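For reference, positions follow the sequence shown, starting with 1. What you are looking at is a predicted structure, and each value in this text was computed from that prediction instead of being measured.
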Amino acid sequence: MPDERKPDPLLIEAAAAIRPRAYAPYSGFAVGAALRGADGQIYQAVNVENAAYPQSICAEAGAIAAMVAAGCTEILEIAVIADSPSPVAPCGGCRQKMREFAKDDALITMATTRSRAPLTMRMVDLLPVGFVKSAMEEGG
Ligand code: THU
């Protein structure tokens with residue numbers, strides 16, 4: 001279900017601005033992602049494909065890696081954009097990667113370069129039952 005809060009327009013702009021740097025010679029599908037870390041910084045990335053297709057990296061994964069490498073481990077909000085008919089939805093793997101660093105209430109905005117309104121949802125609505133660290137706390 002869509003969230004009523006307004007997404008940060010700077011994040012959508014930052015995702016759109018970085019998108020042309022995508023390395024997507026196999027799919028031809030360029031994706032840009034930008035996230036706001038709890039440190040206040042914006043981290044941007046693009047999808048980086050590989051001749052060995054499964055080795056490709058999604059834009060969201062790159063942005064998360066950049067945030068963590070900078071010493072920040074909390075995503076406040078994230079935006080992703082592609083030239084898709086409807087707002088681009090993060091893949092299941094990326095939802096899980098985001099869930100590691102985003103609280104239930106964090107906003108995820110899906111956008112398209114085409115004339116369609118972005119869609120904003122909460123992390124918990126995008127991945128209602130994620131695998132989390134606490135699942136491993138007892139037992140083994
Ligand atoms: N892709 C992303 O980078 N993020 C998404 O949210 C959807 C898919 C990439 C992976 C691959 O390089 C291309 O888009 C086509 O699947």
Side-chain angles (χ1 to χ4, degrees):
M1 62 231 54
D3 194 274
E4 282 161 15
R5 288 171 293 169
K6 286 260 171 287
D8 181 347
L10 289 179
L11 286 182
I12 303 175
E13 280 171 30
I18 199 80
R19 196 181 76 90
R21 294 201 192 144
Y23 178 77
Y26 304 104
S27 71
F29 191 69
V31 184
L35 68 83
R36 175 86 62 189
D39 60 357
Q41 298 299 307
I42 291 179
Y43 298 95
Q44 295 159 280
V46 294
N47 52 328
V48 180
E49 298 185 347
N50 193 282
Y53 295 178
Q55 300 305 325
S56 301
I57 300 165
C58 286
E60 297 92 321
I64 291 167
M67 177 192 78
V68 174
C72 178
T73 52
E74 188 182 346
I75 298 170
L76 296 182
E77 187 174 340
I78 184 162
V80 55
I81 191 165
D83 181 25
S84 45
S86 50
V88 65
C91 74
C94 282
R95 293 177 195 206
Q96 179 68 31
K97 289 183 179 79
M98 292 176 199
R99 178 64 188 81
E100 183 72 22
F101 302 107
K103 297 199 171 115
D104 285 357
D105 246 10
L107 291 183
I108 295 148
T109 295
M110 296 155 266
T112 169
T113 56
R114 303 186 196 182
S115 55
R116 284 278 301 267
L119 171 64
T120 299
M121 290 176 65
R122 292 190 307 157
M123 180 74 245
V124 70
D125 293 323
L126 212 56
L127 185 67
V129 188
F131 181 69
V132 288
K133 201 165 80 177
S134 59
M136 296 181 287
E137 270 167 11
E138 285 163 40

Is the backbone N or O of [Y] less than 3.5 Å from a side-chain atom of [X], with the two atoms forming a donor-acceptor pair by type?
X     : Y      : answer
Glu49 : Tyr26  : yes
Arg95 : Leu126 : yes
Asn47 : Ser56  : no

Above 12 or not: heavy atoms from other molecules or residues under 6.0 Å from CZ of Arg114?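 Counting other residues, nucleotides and ligands, CZ of Arg114 exceeds 12 neighbours.
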Is there side-chain contact between Val88 and Phe29, with at least one heavy-atom pair below 4.5 Å?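 When only atoms from C-beta onward are counted, Phe29 and Val88 do touch, with a gap below 4.5 Å.
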Nearest 0.5 Å, what's the [atom1]-[atom2] distance between [X] and [Y]?
X      : Y     : atom1 : atom2 : result
Gln55  : Asn50 : CD    : CG    : 6.0 Å
Ile12  : Glu77 : CD1   : CD    : 8.0 Å
Thr120 : Asp8  : OG1   : CG    : 10.5 Å
Ile64  : Thr73 : CD1   : OG1   : 12.0 Å
Leu107 : Arg36 : CG    : CZ    : 12.5 Å
Cys58  : Lys97 : SG    : NZ    : 6.5 Å

Going through the distances and angles, do Lys103 and Asp105 end up as a salt bridge (Lys or Arg N to Asp or Glu O under 4.0 Å)? CA-CA 5 Å; Lys103 297 199 171 115; Asp105 246 10; over 6 Å; no
Check whether [X] and [Y] end up in the same hydrophobic cluster, where Ile, Leu, Val, Met, Phe, Trp and Tyr are linked by side-chain heavy atoms less than 4.5 Å apart.
X      : Y      : result
Leu10  : Leu35  : no
Val124 : Leu119 : no
Phe101 : Met121 : yes

Which heavy-atom pair separates [X] from [Y] by the least distance, and what is that distance?
X      : Y      : answer
Cys72  : Tyr43  : CB-OH, 4.4 Å
Leu11  : Ile78  : CD1-N, 4.1 Å
Pro7   : Thr109 : CB-OG1, 3.1 Å
Pro90  : Val80  : CG-CG1, 4.2 Å
Asp104 : Arg122 : O-CB, 3.6 Å
Met123 : Ala102 : SD-CB, 3.9 Å

One pair to check against side chain to side chain contact (heavy atoms under 4.5 Å, CB included): Arg99 and Phe131. What are the steps and the verdict? CA-CA 8 Å; Arg99 178 64 188 81; Phe131 181 69; over 6 Å; no
Consider side-chain contact (heavy atoms from CB on, under 4.5 Å). Of Asp39, Ile42, Ile75, which one does Met67 pass it with?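 By the side-chain contact (heavy atoms from CB on, under 4.5 Å) criterion, Met67 pairs with just one of Asp39, Ile42, Ile75: Ile75.
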Could you tell me whether the side chains of Thr113 and Asp83 share a donor-acceptor contact shorter than 3.5 Å?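 Per modelled atom types, Thr113 and Asp83 side chains form a pair under 3.5 Å.
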